[in-house]
Amino acid sequence: MATVRNRLKSMLARSAQSIAGYRDLETEVTIELDIPRNAGHGDYASNFALAVSKRLKRNPREIASEIVAGLGDSEGLLEKVEIAGPGFINLFVCPSAWQEIIREILVDPREYGRLKGAEHPMVQVEFVSANPTGPLHIGHGRGAAIGDVLANLMEARGCTVQREYYINDAGNQMDTLGRSLYYRYMQEIGENIEFPDNHYRGDYLRELAREFIADRGESFRASPLTECLPVFTEYAGRRIFEGIKEDLDVFGVRFDTWFSERELHDRGLVAQTIEYLRDRGFIYEHEGALWFRSTTFGDEKDRVVVRANGVTTYFAADLAYHRNKFERGLQSVIDIWGADHHGYVNRMVAGVEAMGESRDAVRIVLVQLVNLLRGGQPVAMSTRGGEFVTLREVVDEVGKDATRFIFLTRRTDSPLDFDLEVAKARSNDNPVFYVQYAHARLCSIFEVARERGLEFDWRATTPETLGLLQVRQEFELMKLLGQYPEVVGECVRSLEPHYIPYYLHQLVSLFHGYYHDNRILGEDAELTKARLCLALAIKEVIANALSLLGVTAPEKM
RNA sequence: GCGCCCGUAGCUCAGGUGGAUAGAGCGUCGGACUUCGAAUCCGCAGGCCGCAGGUUCGAAUCCUGCCGGGCGUACCA
């Protein structure tokens, strides 16, 4: 069913067609509805008359009254309409329209807020994609949460979504990793050898070296590095990657596909892509290197794809990778990147466009950095320096739910302070418990109802019974429940999940206040039924929203 | 230097496509449990929305210029 807002919008749009002079305008003015802050201004308000008054050269209040006169409210949606101030049209919706929302939710709670369109565009969300040279850190965790939830949201809006992890397992960073393990290995078996600069210093490689010794013994003591390096590289890469998968699993993140960069090279796709772009006239030679003409598509300078020494760049692999994505039949690609990669956005979009895709076939979400704090004090983080806090440590310490919720409660392009002490607190500081508590509390109401032998089936509840919901907070709750589909839609439109946690907080806060002031299980049997319907709808929407966030909705806490 | 992002309450942050009196949490202070969960609720205080112009009926929101902060500016990965 269309939302109340959309039904009102089309009513207004029909009426606007009959305004004198409106149809002569070259472009239509889209009708938008605001929810006024002040309840006296109605449930929804339109500024349409103000927006067109200049172009029609007419008084906005006159226009507004014509629109109001022409409103055909065949559904009986409106209780009253007022023209206010300079020409706002304030719409007051009938109570029954809000009460219907409860039934709409309860018919299929898990589908509420979702869209089942005829089209199911194939969308890929590529995220995390951390180099397999060390464990995931807290910043990766933020990208993981955002990517995972965006994927959930796209699915909710009718897309077929593929979650992909791009593994940067090519290039000399893997050799550096292998050498790093080798040096730790030699140290662990008692060789007096210095750990060189520019290698991975993290403690995880000391641990890995000890595991390696347990697995393979000390037989490489006499082997020259050049000879045994592949063994160390393979071991380190494999074990670290296994660790990454496990950490993601604990964090509740799963991928459909793992795409290897090395495979891209091995299958010749990088070379093929360069040839493909050369055929299309976007590759030229300059000072011994091959360049991609990304300036054609708005990049600030052209980019090297093959260096003078014959080695392809990372960007060349990225071009091949994105070409491959579209060849796999994806219609839309969303890349979740760390904000420190923002300089690569233009060249990547240029690359996609050069391959004949539209500019917006690829959308890049930049996730800002996470500042890790403990009790207000910064915690130093540096991969090479080896002093950092892993995602796993954070999740083990503060839990999956709190970690995800905090990551998702900020705009993606806003830097995030993550304080371990706050995240760990089982208190008001921690918004996830506030929301989860409401769910547990709602569950316990139904538990008590059962204990009291109360017969309750929302299907048997009539509109007349729901009409007993008349308290101010009940209307506020019903209206807010009605907004949920729009909130989900807004997240998808803007690729920003944070609206969901804010919505949840608002909903739960309203509920806690309502609960405090009113008895759900009261003296009046019919009113109790009506309130249980409302309570059930709230509980379902909370669970629905939490599941989109990948956060559990506990029945008890 | 150039580019991208950000400056909103003491702190951390929300404020689609411009709307009517700028919001929340935390913190401070003061109240509310004999009841369906007090991990809750209610109230007080707290603001030149970085600064200065501009656009218009109307700007936290759009434009320009400053100031301040983060990141990026490789034939690295």
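Atoms considered below: every heavy atom in the structure, side chains included; atoms not considered: hydrogens, waters and symmetry mates. Naming: A, B, ... by sequence-line order, numbering from 1 per chain.
Taking atom C1' in both B:U56 and B:A39, the straight-line distance is 50 Å, to the nearest Å. Distance noted for atom P between B:C75 and B:G1: 22 Å (whole Å). Rounded to a whole angstrom, the distance from the C1' atom of B:G7 to that of B:C49 is 10 Å. Here, B:C63 and B:C71 have their C1' atoms 25 Å apart, quoted to the whole Å. Using P as the reference atom, B:G25 and B:U40 are 11 Å apart when rounded to the nearest Å. Comparing B:C29 with B:C13, their C1' atoms are spaced 23 Å from each other, to the whole Å. B:G30 and B:C48 have their C1' atoms separated by 31 Å, with the value rounded to a whole Å. The gap from the C1' atom of B:G18 to that of B:G54 amounts to 15 Å, rounded to the nearest Å.
Base contact: A:S444 has a heavy atom under 4.0 Å from a base atom. A:N90 comes within 4.0 angstrom of a base, heavy atoms only. Here A:R519 lies in heavy-atom contact (under 4.0 Å) with a base. Residue A:P415 is in sugar-phosphate contact alone, with no base atom involved, counting any heavy-atom pair closer than 4.0 Å across all strands shown. Across all strands shown, A:S414 has heavy atoms under 4.0 Å from sugar-phosphate atoms exclusively, and none from any base. In this structure, A:L366 reaches neither bases nor backbone, as no heavy-atom distance under 4.0 Å exists between it and the strands shown. No engagement by A:A535 is indicated, since no non-hydrogen atom pair under 4.0 Å with the nucleic acid exists.
For B:U35, there is no paired nucleotide, since no Watson-Crick or G-U wobble pair has both relevant distances below 3.5 Å. For B:C51, the paired base is B:G65 (Watson-Crick or G-U wobble, both distances below 3.5 Å). B:G3 is paired with B:C71 under the criterion used here, namely a Watson-Crick or G-U wobble arrangement in which both key atom distances are under 3.5 Å. Partner assigned to B:U12 is B:A24, using Watson-Crick or G-U wobble distances below 3.5 angstrom.
A salt bridge is absent between A:D175 and A:R179: the closest approach of a Lys/Arg side-chain nitrogen to an acidic carboxylate oxygen does not fall below 4.0 angstrom. The pair A:E447-A:R452 does not meet the salt-bridge criterion, since no charged nitrogen lies less than 4.0 angstrom from a carboxylate oxygen. Ion pairing of A:E32 with A:R5 is absent here, as no side-chain N (NZ or NE/NH1/NH2) approaches a carboxylate O to less than 4.0 Å.
Separating the CG atom of A:N518 from the C1' atom of B:C41 is a distance of 12 Å, rounded to the nearest angstrom. Between the CG atom of A:N346 and the P atom of B:C5 there is a distance of 10 Å, given to the nearest Å. The nearest whole Å value for the distance from the CZ atom in A:F88 to the P atom in B:A20 is 7 Å. In this structure, A:Q436 places its CD atom 12 Å from P of B:U40, rounding to the nearest Å. Atom CG of A:L33 and atom P of B:G19 are 14 Å apart (whole Å). For the pair A:H516 NE2 and B:U35 P, the computed distance is 12 Å after rounding to whole Å. In this structure, A:F48 atom CZ and B:G19 atom C1' are separated by 16 Å, rounded to whole Å. B:C41 atom C1' lies 14 Å from atom CG of A:L477, rounded to whole Å.
The nucleotide whose nearest atom lies closest to any side-chain atom of A:L50 is, among B:G19, B:A38, B:G16, B:G19. Each of B:A14, B:A20, B:C36 was ranked by its minimum atom distance to the side chain of A:A84; first place goes to B:A20. Residue A:H505 places its side chain closer to B:G25 than to any other of B:G19, B:A14, B:G25.
Comparing A:A51 and A:V508 along RNA chain B, the residue whose closest nucleotide (by nearest heavy atom) sits nearer the 5' end is A:A51. Place A:I445 and A:I89 on RNA chain B by their nearest nucleotides, and A:I89 ends up nearer the 5' end.
Under the stacking definition used here (centres under 5.5 Å, planes under 30°), the residue A:H41 qualifies as stacked on the base of B:A20.
By the rule that a glycosidic angle within 90° of 0 means syn, B:C26 does not qualify and counts as anti. By the rule that a glycosidic angle within 90° of 0 means syn, B:G68 does not qualify and counts as anti.
Taking the six-membered ring where tryptophan is involved, the planes of A:F241 and A:Y165 are perpendicular, since the angle between them exceeds 60° and thus also 30°.
Under a 3.5 Å cut-off, the side chain of A:Y44 and the backbone N or O of A:P36 do not form any donor-acceptor pair. Using a distance-only test at 3.5 Å, with no hydrogens or angles considered, no donor-acceptor pair links the side chain of A:N430 to the main chain of A:F433. Within the 3.5 Å criterion, the main-chain N or O of A:L416 finds no donor-acceptor partner in the side chain of A:Q368.
An OP1 or OP2 oxygen of B:G15 is reached within less than 4.0 angstrom by a side-chain nitrogen or oxygen of A:Y499. Residue A:Y434 places at least one side-chain N or O under 4.0 Å from the OP1 or OP2 atom of B:C41. Within the structure, a side-chain polar atom (N or O) of A:R441 is placed less than 4.0 Å from OP1 or OP2 of B:A38. Taking only side-chain nitrogens and oxygens, A:H498 never comes nearer than 4.0 Å to OP1 or OP2 of B:C13. Close to B:G23, at under 4.0 Å from its OP1 or OP2, lies a side-chain N or O of A:R37.
The number of heavy-atom neighbours closer than 6.0 Å to CD of A:E451, taken from other residues, nucleotides and ligands shown, is above 12.
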Under 4.0 Å protein heavy-atom contacts per nucleotide of nucleotides 71-77 of chain B, with B for base, S for backbone only and - for none | BS-SBBB
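Aromatic rings of A:Y284 and A:F292 (six-membered ring for Trp) have centroids beyond the 6.0 Å cut-off, not under it.
Side-chain contact check for A:Q173 and A:N168: no donor-acceptor pair (N or O, by modelled atom type) lies under 3.5 Å.
Remark: A:R347 qualifies as a cation-pi partner of A:Y344 under the 6.0 Å distance and 45° angle criteria applied to the six-membered ring.
A donor-acceptor contact under 3.5 Å is formed by the side chain of A:N38 with the base of B:U21.
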